[in-house]
Amino acid sequence: MDGYSPSLGLHLIADFFDATALHDPLPAADALRRAALAAKADILGLKAYDFGRRAGFTGVVLLAESHISVHTWPEHGYAAIDIFMCGEVQPQRSLDVLKDYFRP
């Protein structure tokens, strides 16, 4: 091997500080769905888990092209965003939708 490996996809990791909408996974699930569609990705599944007592949530969209995930810490005003996509999609558009939703 010559050490060269073509890119298999684009991985975006974002830290959202001073973010909003960190408590309720139901509207966030809709934002995750819209983020996937904005990238022109194919949604295979979506799951959001509420930690209860306004302790934040985890959400993930399983895509044919890989995934979008979010984990929130409302007590710190923080959301961790992870987006990986391969193929003919535009993951930056997903990040833009999530920025509009969480307003970091």
Side-chain angles (χ1 to χ4, degrees):
M1 300 192 92
D2 63 7
Y4 174 74
S5 176
S7 174
L8 298 177
L10 182 61
H11 198 174
L12 304 175
I13 306 262
D15 295 314
F16 287 179
F17 295 98
D18 297 321
T20 63
L22 301 173
H23 297 285
D24 191 350
L26 294 178
D30 181 61
L32 286 166
R33 179 178 284 108
R34 288 185 288 108
L37 295 175
K40 306 274 191 244
D42 298 298
I43 298 172
L44 302 177
L46 190 153
K47 179 71 176 170
Y49 179 79
D50 186 349
F51 289 104
R53 297 186 312 270
R54 299 182 58 81
F57 62 87
T58 290
V60 65
V61 183
L62 179 64
L63 305 171
E65 299 81 4
S66 199
H67 70 274
I68 302 170
S69 67
V70 61
H71 190 83
T72 68
W73 285 265
E75 69 275 20
H76 299 289
Y78 176 75
I81 309 294
D82 182 324
I83 301 168
F84 182 81
M85 294 183 194
C86 60
E88 299 298 316
V89 292
Q90 297 174 317
Q92 181 62 45
R93 289 187 177 179
S94 294
L95 187 59
D96 293 341
V97 169
L98 295 175
K99 280 183 188 174
D100 286 344
Y101 179 74
F102 289 106
R103 300 187 185 278

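- To the nearest 0.5 Å, atom CZ of residue R103 and atom CG of residue D18 are 14.0 Å apart.
- Put simply, CG on L32 and CG on L37 are 11.0 Å apart, with the number rounded to the nearest 0.5 Å.
- Two residues are said to be in side-chain contact when any heavy atoms from C-beta on lie closer than 4.5 Å; F51 and T58 meet this criterion.
- F102 and Y78 fall into different hydrophobic clusters, where Ile, Leu, Val, Met, Phe, Trp and Tyr side chains are chained together by heavy-atom contacts under 4.5 Å.
- Taking CD1 from I43 and CD from E65, the interatomic distance works out to 9.5 Å, rounded to the nearest 0.5 Å.
- Contact detail for A36 and V61: the closest heavy-atom pair is CB-CG1, 4.2 Å.
- No continuous path of ILVMFWY side-chain contacts below 4.5 Å connects V60 to V70, so the two sit in separate hydrophobic clusters.
- Between H11 and H67, the two ring planes are perpendicular [angle over 60°; tilted spans 30° to 60°].
- The nearest pair of heavy atoms linking H23 to P74 is CE1-CB, 3.2 Å.
- Without hydrogens or angle criteria, S94 side chain to A35 main chain gives a donor-acceptor distance under 3.5 Å.
- Atoms OG and NZ, on S69 and K47 in that order, are 15.0 Å from each other to the nearest 0.5 Å.
- Contact record, A79 with L22: CB-CD2, 3.9 Å, taken as the closest heavy-atom pair.
- Between D50 and G56, the shortest heavy-atom distance links the atoms OD1-O, 3.6 Å.
- Side-chain contact between L98 and I68 is present, with at least one heavy-atom pair separated by less than 4.5 Å.
- The CZ atom of F57 sits 13.5 Å away from atom OH of Y49, with the distance rounded to the nearest 0.5 Å.
- Rounding to the nearest 0.5 Å places NE2 of H71 at 12.5 Å from CG of D82.
- Looking only at distances, a side-chain donor or acceptor of Y101 sits under 3.5 Å from a matching main-chain atom of A28.
- Grouping the Ile, Leu, Val, Met, Phe, Trp and Tyr side chains by contacts below 4.5 angstrom, directly or via other members, places L26 apart from L46.
- No chain of hydrophobic side-chain contacts below 4.5 Å, direct or via other Ile, Leu, Val, Met, Phe, Trp or Tyr residues, connects F84 to L12.
- Sparse packing is recorded around CD of E88, with 12 or fewer heavy atoms of other residues, nucleotides or ligands lying under 6.0 Å away.
- In plain terms, the two heavy atoms of A38 and V97 that are nearest each other are CB-CG2, 3.7 Å.
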